[in-house]
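Below is one structure, written out as C-alpha cells; the observations come after it.
Treat the numbers as computed from the prediction; the structure is a model and nothing was measured. Just so you know, residue 1 is the first one in the sequence shown, and it goes up from there.
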Amino acid sequence: MSRYRQEFEHSLASPDEFWGEVANDVHWYKTWDKVLDDSDKPYYRWFTGAQVNTCYNALDLHVNEGRGSQDAIIYDSAMTGEVRHITYQEMLDETARLAGVLSGLGVEKGSRVVIYMPMVPETAIAMLACARIGAVHSVVFGGFASNELAVRIEDAKPVAVITASCGLEPGRIVEYKPLVDKAIDLSSHKPSACIVLQRPQAQARMIEGRDHDWHDVMKTASAVDCVPVLATDPLYIIYTSGTTGQPKGVVRDNGGHIVSLKWSMKNIYGVDPGEVFWAASDVGWVVGHSYIVYAPLFSGNTAILYEGKPVGTPDPGVFWRIISQHKVSALFTAPTAFRAIKKEDPDGTYLEKYDMSNFRTLFLAGERTDPDTLRWAQNKLQVPVIDHWWQTETGWAICANCIGIEQLPVKEGSPSVPVPGWDLKALDDTNQEVAPGEIGSLVVKLPLPPGSFPTLWNAKQRFFDAYLADFPGYYKTADAGYIDEDGYVYVMSRTDDIINVAGHRLSTGAMEEVLTSHPDVAECAVTGVADALKGQLPLGFLVLNAGCQKDHGDIVKECVQLVRSEIGPVAAFKEALVVVRLPKTRSGKILRGTMQKIADGEPWQLPATIDDPVILDEITESLQSIGYPKA
Ligand code: COA
Ligand code: AMP
C-alpha cells in the first residue's frame with residue numbers, strides 16, 4: 001500500500017490515535033480528556049478538556065527552543081519598497097506588548113477584536129496579541145466597504161477595533177480610518193476602543209477618548225504572558241459569503257487548529273522548520289489566516305508577508321524577485337495571479353533574471369487550476385505545481401497532493417486526492433454514492449478533522465441548516481464534482497449562488513440585495529460569467545420599475561457605484577444590462593444558470609418548467625448587443 005494510502009486509511013479508521021499522535025508535537029498546558037469528543041453528534045469537538053495557547057505555539061515555543069534570532073516574518077512591500085525582517089524574538093516582544101495594550105483597554109479572554117488592516121506585519125502582531133490573551137479576533141478584508149464592515153461589527157460585537165490609516169492599492173491610497181468611522185456609525189454596537197496604526201502615506205483623524213495611536217500606546221506598554229484557553233475555545237471568527245447579504249461567521253477553535261496546521265506544513269507542503277514559506281494572499285482571507293500567519297509560525301518557518309500585486313508592482317517579475325531574494329522554498333497563491341503574470345509575460349522572460357534554485361513547489365488554490373495555467377507554470381518554473389481544494393469553513397486543504405507524505409502523479413484539472421482526515425464522497429440527491437466519474441454533491445463524512453469549523457458564530461441553527469441538514473451524517477461542501485476510478489477528485493462548480501472572482505468568494509445574493517435597493521430597480525439577477533483573467537466576473541440583469549424614464553446607461557452606472565460603495569471594490573461589479581423581464585420557472589425561480597450559459601456561449605437547454613420561453617431570445621439579443629459571448 002502506498003504511504004499516502006496508509007496515512008489516509010489510518011486517519012479515518014483510528015482518528016483518535018492518528019490526531020492524538022500528531023498532537024504530541026504541540027505545546028499543551030494540560031492534555032485532553034478526549035481526542036475526538038462525539039458526545040453531542042452531529043456536533044463533534046477535538047481535544048476537549050485540553051488547555052493551550054495559540055500565540056505560545058506560534059512564538060514563545062520557538063524562542064524557548066532557540067529560534068529567537070530566526071526571521072519569523074519578512075515583510076516585503078512592492079508598494080513602498082520597504083523590506084523588514086522581524087525575528088521570532090522581536091515578534092514575541094511586540095506581540096506581548098500589544099497584548100498588554102489590549103488588556104489595558106478592557107479586552108479579556110473571550111472578548112472580540114475586529115482587525116481591519118492592510119498587508120503589514122502589525123496585522124499578524126494584532127492577531128497573535130488577541131490569541132495571547134484568549135481574545136477572539138475577526139479580520140475583515142480591506143477591500144470591503146463600510147457597510148460590510150458594519151455588518152461584521154454588529155455580529156461580532158468587538159470591544160476594540162484595530163486598524164491603520166490606509167491600505168495601498170496601485171495608483172491610489174485607500175484611507176481605512178474614515179471607512180472604520182462610518183462602519184461604527186452604521187453599527188448599533190459601538191466598540192469602546194480603536195487602535196490606529198498611522199502609516200506615512202496617510203494621517204488618520206483620531207476621535208478623542210476612543211482612538212489610540214498604535215505607536216504611542218506601544219511605547220509605554222508592558223508585556224503580558226500567554227493566557228491558557230480551552231482547546232475548544234474560539235480563536236477567531238472569519239466572515240465569508242453566504243447566499244444572502246448576511247455573511248456567515250465561521251468559527252475556528254484553538255487546539256485542533258494548531259494540531260492540523262502544524263501537521264499540514266510538513267505533510268501537505270513538504271516544508272521543514274527554518275525554511276521560507278510564502279502565501280501570496282491577503283491576511284483578510286482564510287488562506288492568509290492559515291498560511292501567511294498561523295501554520296508557518298506553528299512550524300517554525302519564516303513567512304513572507306507581501307504587500308503588492310503579481311503584476312504592475314512594478315512588473316510581472318515581482319514574484320520571482322521575492323522568491324529569489326528571500327530564498328522561498330514554496331509559494332502558495334491563486335491561479336488568477338498566475339494568469340495575470342502569464343498574460344503580461346507569456347514567455348517568462350522575467351524569470352531569467354532571478355536565481356530560483358531554492359524554489360521547490362508551487363501550490364495553487366482558491367479556484368480550479370485550469371490546465372493552461374498549470375502547464376505554463378510547470379514549463380516555466382520546472383517544479384511540481386499542486387492544485388489543492390479548500391474552503392474558509394475547512395481552514396485547510398480537503399484535497400491535495402500531499403508531497404510531504406508521498407508525491408502522487410498530477411492529473412490536470414484535479415486537486416488530487418482527499419487529505420488524511422477528510423472522508424470525501426460524491427452523493428446524489430438521495431444520499432447515495434454516485435459511480436466513479438459521475439457528478440454529485442461533494443460531501444465529507446462527519447466528523448470533520450481538527451482545525452475545521454465547529455460552528456458559526458452565534459448561529460448554531462444556521463450552521464446545521466446550511467451544512468449538515470441536506471446530507472445527514474455529512475458536511476455539505478456546496479461544491480459539485482466527481483471522483484474518478486483512481487480516487488482523484490474533480491471540483492466542478494458551486495451548488496449555491498456563490499461565485500469566484502479572482503480567487504475571492506462572493507455572493508451574488510448579496511449583490512442582488514444591493515441592486516434592488518436602487519429606487520429604479522424592480523427586480524434583478526446577478527450571475528457569474530467566465531473571465532479569462534479573474535475566472536468569473538459578476539454580471540447584473542436589471543428589470544426597471546414600470547414607467548421609469550431615466551437613461552438606462554445612467555441607471556447601470558449608479559448600480560455599479562452602489563455595489564462598490566455598499567460591498568466594496570473587491571466585488572468587481574462593473575457590468576449590468578437592463579432587460580424587460582427575467583426568465584423564470586413557473587414556480588418563480590429565476591433561471592440564473594441559463595442566463596450564465598447564454599452569456600458564456602455554452603450550450604443550454606430550454607428548461608421544461610420555463611414560464612415564458614421568448615424571454616430567453618430577448619436576453620440573448622441584449623447580451624449580444626453588449627458583446628457576449630466574449631470568448
Ligand atoms: N483594499 C482595498 N481595495 C482592494 C483591496 C484591498 N485590500 N484588494 C483589492 N482591492 C480593490 C482593487 O484595487 C480593485 O479595485 P478597482 O476596481 O478600483 O481596480 C478591486 O478591489 C478588485 O480587486 P482584484 O479582484 O484583486 O483585482 P485587481 O485588478 O486589483 O488584481 C489580480 C487582479 C488577479 C492581480 C488579483 O486579484 C490577485 O492577485 N489575486 C490573487 C487572489 C488571491 O490572493 N486570492 C486569495 C485566495 S488564495
Ligand atoms: P473560500 O471559502 O473563499 O476559500 O472559497 C472556497 C471555494 O472556492 C470552494 O468552495 C470552491 O468552490 C472554490 N475553490 C477553492 N479552491 C479550489 C480548487 N483548488 N479547485 C476548485 N475550486 C476551488
Side-chain angles (χ1 to χ4, degrees), residues 243 336 339 343 367 370 480 492-502 506-564 566-567 571-631:
T243 43
T336 188
R339 286 198 297 270
K343 188 169 167 223
E367 55 175 322
D370 52 285
M492 306 307 286
S493 61
R494 291 282 304 192
T495 57
D496 55 14
D497 292 334
I498 298 290
I499 58 170
N500 196 315
V501 179
L506 299 168
S507 160
T508 54
M511 292 185 220
E512 289 174 4
E513 282 179 27
V514 172
L515 292 172
T516 38
S517 73
H518 187 286
D520 296 314
V521 174
E523 209 185 5
C524 69
V526 175
T527 58
V529 295
D531 180 75
L533 175 63
K534 296 195 178 188
Q536 279 185 304
L537 276 179
L539 172 65
F541 295 85
L542 311 171
V543 178
L544 305 184
N545 289 323
C548 172
Q549 299 294 328
K550 262 172 76 176
D551 179 73
H552 290 182
D554 289 344
I555 294 176
V556 167
K557 270 191 212 138
E558 287 164 17
C559 284
V560 166
Q561 188 49 44
L562 197 61
V563 174
R564 192 176 172 92
E566 289 292 302
I567 296 181
F573 184 84
K574 304 249 160 109
E575 202 164 35
L577 76 160
V578 173
V579 293
V580 183
R581 289 164 295 160
L582 292 172
K584 291 184 187 173
T585 61
R586 278 191 282 276
S587 60
K589 199 171 172 296
I590 298 172
L591 293 162
R592 293 180 182 77
T594 311
M595 290 194 285
Q596 176 244 311
K597 286 199 170 77
I598 297 173
D600 286 346
E602 283 176 23
W604 54 276
Q605 279 177 343
L606 191 66
T609 55
I610 191 163
D611 182 26
D612 175 6
V614 178
I615 180 67
L616 289 176
D617 297 332
E618 290 169 21
I619 296 266
T620 308
E621 269 173 39
S622 304
L623 281 166
Q624 281 168 350
S625 72
I626 58 166
Y628 283 90
K630 293 203 165 163

Quiz item: Do the side chains of His518 and Ile555 get nearer than 4.5 Å, heavy atoms only?
Solution: yes
Exercise. Please determine which of Asp497, Val501, Ile498 meets the side chain to side chain contact (heavy atoms under 4.5 Å, CB included) test together with Leu506.
Key: Val501
Quiz item: Roughly how far, to the nearest 0.5 Å, is CD of Glu523 from CG of Leu544?
Solution: 11.0 Å
Quiz item: Is there a side-chain contact between Val529 and Glu575, using heavy atoms and a 4.5 Å cut-off?
Solution: no
Practice problem: Determine the minimum heavy-atom distance between Gly540 and Phe573, stating which atoms define it. | Solution: N-CE1, 3.8 Å
Quiz item: Would you say Pro538 and Ile499 make side-chain contact, with heavy atoms under 4.5 Å?
Solution: yes
Practice problem: Taking the side chain as every heavy atom from C-beta outward, state whether Pro583 and Thr594 have any atom pair closer than 4.5 Å. | Solution: no
Practice problem: Begin with the C-alpha distance, continue with both residues' side-chain angles, and end with the deciding distance and a verdict on side-chain contact (heavy atoms from CB on, under 4.5 Å) for Gln536 and Asp531. | Solution: CA-CA 5 Å; Gln536 279 185 304; Asp531 180 75; 5.9 Å; no
Quiz item: Quick check: are there more than 12 heavy atoms from other residues, nucleotides or ligands sitting under 6.0 Å from NZ of Lys550?
Solution: yes
Practice problem: For Leu582 and Val579, work out which heavy atoms get closest and say how close. | Solution: CD2-CG2, 4.0 Å
Quiz prompt | Side chain proximity check, Tyr628 to Leu539, heavy atoms < 4.5 angstrom | solution = yes
Quiz item: Quick one: does Glu618's side chain get under 4.5 Å of Arg581's, heavy atoms only?
Solution: yes
Quiz prompt | Interatomic distance, Glu566 atom CD to Gln561 atom CD [nearest 0.5 angstrom] | solution = 10.5 Å
Quiz item: Quick one: does Asp600's side chain have a donor or acceptor within less than 3.5 Å of a partner on Ala530's backbone?
Solution: yes
Practice problem: Calculate, to the nearest 0.5 Å, the distance between atoms CD1 and CZ belonging to Ile590 and Phe541 respectively. | Solution: 11.0 Å
Quiz item: So which heavy atom on Met511 is nearest to which on Val563, and how close?
Solution: CG-CG1, 4.3 Å
Quiz item: Any donor and acceptor pair, going by atom type alone, linking the side chain of Asn545 with main-chain N or O of Pro519 inside 3.5 Å?
Solution: yes
Quiz item: So which heavy atom on Arg494 is nearest to which on Asp496, and how close?
Solution: NH2-OD2, 2.7 Å
Quiz prompt | Between OG1 on residue Thr527 and CG on residue Leu537, distance to nearest 0.5 Å | solution = 10.5 Å
Quiz item: Under 4.5 Å between any side-chain heavy atoms of Arg339 and Asp370, yes or no?
Solution: yes
Quiz item: Which of these, Val556, Leu542, Ile619, Leu623, sits in a side chain to side chain contact (heavy atoms under 4.5 Å, CB included) with Leu577?
Solution: Leu623
Quiz item: What's the spacing between Lys584 NZ and Arg592 CZ if we round to 0.5 Å?
Solution: 9.5 Å
Quiz prompt | Least distance between heavy atoms, Val521 atom then Leu515 atom | solution = CB-O, 3.5 Å
Quiz item: Roughly how far apart are Ile610 CD1 and Gln605 CD, rounded to 0.5 Å?
Solution: 12.5 Å
Exercise. Looking only at non-hydrogen atoms, find the nearest pair between Thr336 and Lys534 and report the distance.
Key: OG1-CA, 3.7 Å
